[in-house]
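Here's the structure, in structure tokens; my notes come after.
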2 protein chains.
Amino acid sequence: MAKIRIDVLITTAASFVDDAGYDALSVSAIAGELDVAPSALYTHCEGLKGLRSLVAAAASENLVDRIRTAAIGTAGDSAVVAMGLAYRRFALDHPGQFAALLRARSSDEPDLRSTNQTVVEVFTLVFTAMGLSPRQSTLAARSTHSAIHGFVALEHVSGTGGDHESEYLYLLRTLQRVAEPEN
Amino acid sequence: MAKIRIDVLITTAASFVDDAGYDALSVSAIAGELDVAPSALYTHCEGLKGLRSLVAAAASENLVDRIRTAAIGTAGDSAVVAMGLAYRRFALDHPGQFAALLRARSSDEPDLRSTNQTVVEVFTLVFTAMGLSPRQSTLAARSTHSAIHGFVALEHVSGTGGDHESEYLYLLRTLQRVAEPEN
DNA sequence: ACCTGAACACCGTTCAAGT
DNA sequence: ACCTGAACACCGTTCAAGT
């Protein structure tokens, strides 16, 4: 009779989706990883739906952590590049968790909306520090977030083809222009 | 004993995911829609996996069609705006099909890779017509595609919150700068 | 050629029973 | 409080049988 600890449950599920693929996530599979009966999970989360929520929440936190860490000791353009690289690295290192972020809809996961906002807020701070107005910073942050997310998401679905790092660096360089004042 | 036509199967499945949500897609559900036994589908596609492939392929074609149509009669910046608006409209009008595009991984669906390439190619033509070199056109097209896809994907997962059209128009406007020659 | 219906394996979920 | 194991509904898939 193995005992379940919620933090172990979460890290186990997050590691599992990265290794076995997000589609392999199931109550039975995680119960098997923890050496408990499938029904034992229902004490700690609301079934499969709850399991998916936990993975998505963990993925969000991990992504934000990485971005924040990458931004330390940088500013301006180089901060955007550093954060962009961290975003991509997370998706490459943790494909299952990133897939969880792509699938989750905030309609089902109310707490997830705040995490995407957190990402934008981190970007916003960088632009504010560059001297942009609050409104300009928010718009620039959203655009930057969109471009970074789009590239990484497209690379994610394109599977493990060739390395697109140079195209990504080009994108991050052109992103500097969105911070410039409007014509 | 209802008869199955493959084109009806595809349009039925595509409509179904838009109405009932992508996660509701199942062999049983589509069989029910077509008034046949679940096992009857296996004559026309490879089970659930095949069903998902068909929906993803249909979604790709529909998206590319819309983008191409939007580009007719426009050029340059206004073409990018028109194609960007068409991209977003597809995701808003067909959330289930767009979800299929977000989930499909080309590792499993070899034919899907070519469709994403098709989108980039359409963008590339626009930039070439603007006078950019082939290499510059490709890079600009990829960046533009990333930004558009990212915004629409983030809006998609954020659920049916407020309307973000004005932020999107801002993004499309700033995208014009990626077509400018490098500093 | 293509659909039906039985059959099987497997999963999600509930719940009484144990500790 | 929390895990087990039985039980149930449901789904994906296969296949022999029909037409």
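Each chain gets a letter, A, B and so on, in the order the sequences are listed, and its residues count up from 1.
- One atom, CG of B:Asp23, and another, C1' of C:dG12, lie 15 Å apart when rounded to the nearest Å.
- A stem is defined here as three or more consecutive Watson-Crick or G-U pairs, each with both distances under 3.5 Å; for DNA chain D these stems are C:4-8 with D:12-16, C:12-16 with D:4-8.
- Side-chain atoms of A:Ser39 come within donor-acceptor range of the base of D:dG5, with a qualifying N/O pair under 3.5 Å.
- Rounded to whole angstrom, the span from the NE2 atom of A:His44 across to the P atom of D:dT4 amounts to 11 Å.
- Of the candidates C:dC3, C:dT13, D:dC11, C:dT13 carries the atom nearest the A:Pro38 side chain, counting heavy atoms from C-beta on.
- The distance from atom CD1 of A:Ile30 to atom C1' of D:dC3 is 18 Å, rounded to the nearest whole Å.
- As rounded to whole Å, 9 Å separates atom P of C:dT13 from atom NZ of A:Lys49.
- Residues B:Ser158 and B:Glu155 come closest through the heavy atom pair OG-O, 3.1 Å.
- The NZ-C1' distance, from A:Lys3 to C:dT19, rounds to 10 Å in whole Å.
- A:Ile4 places its CD1 atom 16 Å from the C1' atom of C:dT19, with the value rounded to the nearest Å.
- A search for ring-ring contact (aromatic ring centres under 6.0 Å, His included) contacts involving B:Phe90 returns B:His94, not counting sequence neighbours.
- In this structure, a donor-acceptor pair under 3.5 Å is absent between the side chains of B:Thr124 and B:Ser137.
- We find that CG of A:Leu48 is positioned 18 Å from P of C:dC10, with the value rounded to whole Å.
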